[in-house]
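These notes are about the structure you will find just below.
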Amino acid sequence: MEGAAAEEGDAAVTTPPVPTCSVCMEPWTCNGDHRICCIPCGHVYGRSCLERWLLRSAHDSAKCPQCGQQFEDKLITNLYAPGNLWDGCCRSKEKYISRITNMQGTLSMLKENIAILESETDGLIAQMEEEAAKRCAELKEKNAKMHAKLKKQKARMESSANTTMTLMKEQMKKMVEEENKTAADLIEFMERSFPQPSSTSSPCALLDSENRKRRRGT
């Protein structure tokens with residue numbers, strides 16, 4: 001499409017028809033006898049044609065061949081123009097069309113670069129999403145394994161605690177039934193079986209503290 005537009009632009013650059021004198025229907029020139037000139041009404045002719053027009057009128061003035069306004073020889077004004085009045089215009093048009101064509105080529109290149117960047121960006125985004133999904137899957141698997149491990153440890157600890165409590169109950173029952181142990185003996189047995197980090201928090205210490213409080217109250 002852009003190529004077709006450029007071809008159309010090139011085809012449109014054609015040399016316009018050369019302006020001619022409306023008296024002799026010949027192109028005027030930029031110098032010489034038939035040089036371009038104008039009269040007060042603004043119409044343009046070759047100078048030699050206007051001079052002949054005045055001679056034919058047999059008067060000091062004549063009427064404009066197009067509008068009929070009177071003019072005299074002294075009112076004929078020379079105009080200054082390049083050899084081909086349209087050369088500058090055509091060259092400027094060709095220059096601008098060339099610039100437009102270059103800009104269209106640059107724009108096409110920019111569009112291609114943008115398409116490449118978008119493709120690369122899409123690829124990077126897809127790669128990042130894939131890496132993120134892979135990382136999430138690894139973390140989920142790791143968490144699942146850790147959860148299963150903790151669950152097994154909890155089950156083993158609960159089983160061990162239940163076994164220990166059962167054995168302690170049996171031992172304490174035996175101590176009461178067979179050995180006639182007192183409550184203090186049972187508490188001491190528990191302290192030996194489950195040592196406390198601080199002596200002030202042991203069952204015996206708590207029991208002594210309660211007894212002291214009761215004595216003060218009484």
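All values below come from the heavy atoms of this structure, side chains included, with hydrogens, waters and symmetry mates left out. Just so you know, these numbers come straight off a predicted model, no measurement behind them.
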Inset, instruction - Not counting sequence neighbours, which residues clear side-chain contact (heavy atoms from CB on, under 4.5 Å) with H59? List them please. - result: S57
Legend entry - Taking every non-hydrogen atom, the tightest pair across E51 and D73: CG-OD1, 4.2 Å
Inset, instruction - Is it possible for you to say whether I39 and W53 belong to one hydrophobic cluster, with membership spreading through side-chain heavy-atom contacts below 4.5 Å? - result: yes
Legend entry - Within one Ile-Leu-Val-Met-Phe-Trp-Tyr cluster: V44 and L50, side-chain cutoff 4.5 Å: no
Inset, instruction - Would you check, one step at a time, whether the test side-chain contact (heavy atoms from CB on, under 4.5 Å) holds for K145 with K149? - result: CA-CA 6 Å; K145 289 181 178 179; K149 184 177 180 181; over 6 Å; no
Inset, instruction - Run through the side-chain heavy atoms of Ile, Leu, Val, Met, Phe, Trp and Tyr, join any pair under 4.5 Å, and report what else lands in L150's cluster. - result: M146
Legend entry - side chain to side chain donor-acceptor pair (under 3.5 Å) pairs, two or more places apart, involving residues 115-129: none
Legend entry - Which atom of C49 lies closest to which atom of C21, heavy atoms considered: SG-SG, 3.8 Å
Inset, instruction - State which residues pass side-chain contact (heavy atoms from CB on, under 4.5 Å) with T163; sequence neighbours excluded, sorted by chain then number. - result: S159, L167
Inset, instruction - Under the side-chain contact (heavy atoms from CB on, under 4.5 Å) rule, collect the residues that match up with R56, sequence neighbours excluded. - result: none
Legend entry - Salt-bridge criterion met for R135 and E138 (N-O under 4.0 Å): yes
Inset, instruction - Compare every heavy atom of Q66 with every heavy atom of S22, then report the nearest pair and how far apart it is. - result: OG-NE2, 3.3 Å
Inset, instruction - Look at the side chain of T164 and the backbone N and O of S160, then say whether any donor-acceptor pair between them is shorter than 3.5 Å. - result: yes
Inset, instruction - For the pair C24 and H34, evaluate side-chain contact (heavy atoms from CB on, under 4.5 Å) and give the outcome as yes or no after the intermediate values. - result: CA-CA 10 Å; C24 65; H34 200 245; 3.3 Å; yes
Inset, instruction - Can you see which heavy atom on Y45 is nearest to which on P65, and at what distance? - result: OH-CD, 3.3 Å
Inset, instruction - Search all heavy atoms of Y80 against all heavy atoms of N78 and return the closest pair with its distance. - result: CE1-O, 3.9 Å
Legend entry - Pairs flagged by salt bridge (Lys or Arg N to Asp or Glu O under 4.0 Å) wherever residues 27-41 is involved - sequence neighbours left out: none
Legend entry - Worked verdict on R156 versus K152 for side-chain contact (heavy atoms from CB on, under 4.5 Å): CA-CA 6 Å; R156 286 197 298 268; K152 288 180 180 179; 3.9 Å; yes
